[in-house]
Amino acid sequence: MYFIGQSEVNAEQQQSFRRKTEDDLPAHTFILGARSPVFKSMFSNDMKEKINGCVDIEDLNDDTVLRLLRYIYSAEVEELEWVSAIELYVAADKYQILSLKDVCSSHLKNSLCVDNACEALILADRHQDEDLKGFVQDFILRHGEDIINSGDWEQLAEINLKLAYETMRLKYKEKLK
């Protein structure tokens with residue numbers, strides 16, 4: 001079992017995170033609630049998390065849950081790779097931890113390349129992150145041929161034609177200026 005924070009807490013102040021593959025992780029409700037309005041709501045209302053004393057997290061892998069809790073407790077993020085940054089970004093958005101989402105977004109912007117631009121654009125659009133979306137669209141416009149002629153762009157156009165159209169339209173708006 002992995003402990004975060006003080007080990008001596010009264011049961012009303014402690015929640016567990018039940019993960020897919022590992023033991024539960026104890027955490028303090030007031031710390032979680034202070035960092036995340038989603039957690040605060042879970043523990044303030046008669047939701048199953050408050051009643052059961054456990055937050056089931058089945059849509060995040062164990063590494064992401066640990067990184068999320070580490071950030072909640074310390075406001076620090078261990079070194080991120082592209083995939084871990086995306087997973088943590090999704091978790092930060094889900095639990096409305098905006099400062100963590102900003103850290104992950106910054107990492108994604110700094111790691112953006114021709115090979116991952118379409119993935120980043122879909123992510124930004126899915127999470128309604130206009131800042132990241134605009135940054136990625138600008139990147140795509142600057143590296144047009146390399147991205148537009150890629151298999152990733154073809155997949156993007158098949159999955160989300162409206163997003164591909166919106167991005168290409170920016171190119172022509174740019175020419176009209």
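On a predicted model such as this, the values are computed, not experimentally measured, just so you know.
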Any side-chain heavy atom of [X] sitting closer than 4.5 Å to one from [Y]?
X: L108; Y: I86; value: yes
X: K94; Y: D59; value: yes
X: V136; Y: I140; value: yes
X: R67; Y: E78; value: yes
X: N160; Y: L121; value: no

Discussion item. Do L98 and V38 land in one hydrophobic cluster if side-chain heavy atoms of ILVMFWY residues count as linked below 4.5 Å?
Written reply: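 In one cluster with L98: V38, no.
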Worksheet item: What about V114 and W153, same hydrophobic cluster or not, with Ile/Leu/Val/Met/Phe/Trp/Tyr joined at side-chain heavy-atom distances under 4.5 Å?
Response: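 Yes, V114 connects to W153 through the hydrophobic network.
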Worksheet item: Under 6.0 Å from the NZ atom of K40, do we count more than 12 heavy atoms belonging to anything else shown?
Response: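 No, the 6.0 Å shell around NZ holds no more than 12 heavy atoms from other groups.
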As an exercise, state the distance from [atom1] of [X] to [atom2] of [Y], rounded to the nearest 0.5 Å.
X: K101; Y: S99; atom1: NZ; atom2: OG; answer: 12.0 Å
X: E87; Y: E81; atom1: CD; atom2: CD; answer: 11.5 Å
X: L112; Y: W82; atom1: CG; atom2: CH2; answer: 5.5 Å
X: K171; Y: R142; atom1: NZ; atom2: CZ; answer: 10.5 Å
X: Q137; Y: R169; atom1: CD; atom2: CZ; answer: 11.5 Å
X: L80; Y: L88; atom1: CG; atom2: CG; answer: 6.0 Å

Item to complete: Examine R35 relative to Y95 and say whether NZ or CZ is less than 6.0 Å from the centre of the six-membered ring and inside a 45° cone about the ring axis.
Response: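 Relative to the ring axis of Y95, which defines the angle, R35 lies outside at least one limit.
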Practice prompt. For the pair F43 and F39, name the ring-plane relationship: parallel under 30°, tilted 30 to 60°, perpendicular over 60°.
Written response: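 Taking F39 first and then F43, their aromatic rings lie parallel (interplane angle under 30°).
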Worksheet item: Between H127 and Y89, what is the ring plane arrangement, given parallel below 30°, perpendicular above 60°, and tilted in between?
Response: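 Rings of H127 and Y89: perpendicular, as their planes differ by over 60°.
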Could you check whether any side-chain N or O of [X] sits under 3.5 Å from a backbone N or O of [Y], counting only pairs where one atom can act as donor and the other as acceptor?
X: T167; Y: L163; result: yes
X: N61; Y: T64; result: yes
X: N116; Y: S111; result: yes
X: S150; Y: I147; result: yes

Discussion item. Going by salt bridge (charged side-chain N to carboxylate O under 4.0 Å, His left out), K109 matches just one of D129, D138, D131. Which one?
Written reply: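 Of all the options given, the one that passes is D131.
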Discussion item. Determine whether I148 and M168 satisfy the following criterion, side-chain contact (heavy atoms from CB on, under 4.5 Å), listing intermediate values before the conclusion.
Written reply: CA-CA 9 Å; I148 304 300; M168 291 305 301; 3.4 Å; yes
Item to complete: Report the C-alpha distance between L100 and C104 in whole Å, list the side-chain angles of each, state the deciding distance to 0.1 Å, and finish with yes or no for side-chain contact (heavy atoms from CB on, under 4.5 Å).
Response: CA-CA 6 Å; L100 177 57; C104 295; 4.1 Å; yes
Worksheet entry | Evaluation steps, side-chain contact (heavy atoms from CB on, under 4.5 Å), between V90 and L123 | CA-CA 9 Å; V90 169; L123 177 75; 3.9 Å; yes
